[in-house]
Amino acid sequence: METRYLISGDKAVVAEFGNEISEDINKKVISFMRAIEISNLKGIVTEMVPTYRSLMISYNPLEIDFDSLIENLKKIEDNLESIVLPKPKIHEIPVCYDEVFGIDIKNVASYNNLTVDEVIKIHTSREYLIFPYLGGMDERIATPRLEVPRTKIYGGSVGIAGSQTGVYPIDSPGGWQIIGRTPLKLYDENREEQILLRAGDFIKFVPITLDEFIEIEKNNLSI
């Protein structure tokens, strides 16, 4: 699919590389982002937000006009083969699947004709590519979103929505099926490194007990 460059407001453009969840497409998104970071657009581009199939590029319109930006971006895209990506990290994320936190895990098990233990085993058996949603979930535990979203999901909650899984970084409304919670703070605005995970890396969920959750949370441990 030919890359599409779409206007997003008066100072951003979205580069779309496809329309599916694919490691190959995501690799191109990450390569494009890395290439921009080391290009002559450094300082002109103010922020980049990757997804599994696209990259939103915010820029300073006082430094470059839209047409010139697109011309530069296309030149960068033509040379992506020269970009060598670092080996992705695998972050182990402890998750407590106890029903205290996994308030929907029985729904997921029932929907897929599985036991709760089977859901946990399947969910923790893979390494998930960070999109920032997590791709590559086993279809055996795919479950639709809640018909009525909750007004508050606690930060650290691990959920399933359709064929994707993910972690709520902060307290927020949401309609995902919640199957557990991690005691790690994946986002903290008061921390020097506010976000611990990076698109293009992988997550591996590791099951822990309720007592282990309490101990990790008490000691404020990180990845």
Side-chain angles (χ1 to χ4, degrees), residues 21 23 26 50-52 88-189 191 193-223:
I21 296 177
E23 284 196 31
N26 189 251
T51 71
Y52 61 83
K89 294 180 181 179
I90 299 173
H91 303 277
E92 290 193 347
I93 305 296
V95 176
C96 179
Y97 294 90
D98 188 278
E99 61 183 11
V100 171
F101 300 129
I103 52 180
D104 298 315
I105 197 166
K106 289 182 179 179
N107 295 345
V108 173
S110 175
Y111 182 85
N112 291 286
N113 296 313
L114 298 168
T115 66
V116 167
D117 286 343
E118 287 172 330
V119 170
I120 297 170
K121 184 177 180 180
I122 292 169
H123 191 252
T124 57
S125 66
R126 294 193 172 194
E127 294 170 357
Y128 297 93
L129 178 63
I130 301 170
F131 284 137
Y133 291 127
L134 306 179
M137 192 183 75
D138 196 311
E139 289 290 339
R140 288 179 295 170
I141 54 174
T143 311
R145 295 169 184 261
L146 299 174
E147 290 186 9
V148 180
R150 296 184 174 96
T151 56
K152 181 178 180 179
I153 302 293
Y154 288 100
S157 295
V158 178
I160 287 174
S163 59
Q164 289 190 327
T165 187
V167 185
Y168 283 79
I170 59 174
D171 295 354
S172 62
W176 288 42
Q177 303 273 355
I178 304 303
I179 62 171
R181 192 186 302 174
T182 177
L184 301 184
K185 279 191 173 184
L186 302 186
Y187 171 79
D188 187 345
E189 62 181 4
R191 188 169 53 206
E193 189 177 1
Q194 295 179 342
I195 301 173
L196 297 180
L197 305 176
R198 187 178 177 95
D201 286 345
F202 288 82
I203 275 179
K204 179 80 168 64
F205 293 116
V206 179
I208 58 173
T209 64
L210 184 56
D211 287 341
E212 289 172 323
F213 179 101
I214 294 169
E215 184 66 20
I216 293 172
E217 187 176 50
K218 183 176 70 176
N219 291 307
N220 196 27
L221 300 178
S222 0
I223 295 173

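- In this structure a side-chain-to-backbone donor-acceptor pair under 3.5 Å is present from Arg126 to Gly136.
- Judged as a side chain to side chain contact (heavy atoms under 4.5 Å, CB included), and not counting sequence neighbours, the contacts of Asn107 are Asp104, Gln177.
- Across every non-hydrogen atom of Ser163 and Ala142, the tightest pair is CA-CB, 4.1 Å.
- Classified by interplanar angle (parallel below 30°, tilted 30° to 60°, perpendicular above 60°), the ring pair Tyr128/Phe205 is tilted.
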Check the pair Lys218 / Glu215 against salt bridge (Lys or Arg N to Asp or Glu O under 4.0 Å), numbers first and verdict last.
-> CA-CA 5 Å; Lys218 183 176 70 176; Glu215 184 66 20; 3.5 Å; yes
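- In Lys204, the NZ atom is crowded: over 12 heavy atoms of neighbouring residues, nucleotides or ligands sit closer than 6.0 Å.
- Remark: His91 NE2 to Leu186 CG distance equals 10.0 Å, nearest 0.5 Å.
- By the 4.5 Å heavy-atom criterion applied to side chains, Tyr97 and Thr124 are counted as neighbours.
- Listed here is the closest heavy atom pair of Arg150 and Ile178: NH1-CG1, 4.0 Å.
- Between the Asp201 side chain and the Leu129 main chain, no donor and acceptor come within less than 3.5 Å of each other.
- Applying the 6.0 Å contact sphere to OH of Tyr111 captures no more than 12 heavy atoms from other residues, nucleotides or ligands.
- With hydrogens and angles ignored, the 3.5 Å screen pairs a side-chain donor or acceptor of Thr182 with a backbone N or O of Pro94.
- Here the two rings, on Phe101 and Tyr154, have centers that are 6.0 Å apart or farther.
- Annotation: side chain of Trp176 is in contact with side chain of Arg145 (closest heavy-atom distance under 4.5 Å).
- Shortest non-hydrogen contact noted between Pro207 and Ile120 is CB-CG2, 4.2 Å.
- Residues Asp171 and Gly155 come closest through the heavy atom pair OD1-N, 2.7 Å.
- In terms of heavy-atom proximity, Pro173 sits nearest to Tyr168 at O-CE2, 3.8 Å.
- We find the CD1-NZ distance between Ile141 and Lys121 to be 13.0 Å, quoted to the nearest 0.5 Å.
- Atom CZ of Arg181 sits about 11.5 Å away from atom CD1 of Ile208, to the nearest 0.5 Å.
- Partner Thr143 forms a side-chain contact (heavy atoms from CB on, under 4.5 Å) with one of Asn112, Ile105, Val119 and no other, that one being Asn112.
- Take Ser110 and apply the side chain to side chain contact (heavy atoms under 4.5 Å, CB included) test, not counting sequence neighbours, and it matches no residue.
- The environment of CD in Glu212 is crowded: more than 12 heavy-atom neighbours from other residues, nucleotides or ligands sit within 6.0 Å.
- Looking at heavy atoms from C-beta onward, Val158 lies in side-chain contact with His123 at the 4.5 angstrom threshold.
- Looking only at side-chain heavy atoms (C-beta outward), Ile122 and Leu114 come within less than 4.5 Å of each other.
- Closest heavy-atom contact between Ile203 and Ile93: CG2-CG1, 3.9 Å.
- Within the 3.5 Å criterion, the main-chain N or O of Gly159 finds a donor-acceptor partner in the side chain of Thr165.
- Remark: Arg140 CZ to Ser125 OG distance equals 6.5 Å, nearest 0.5 Å.
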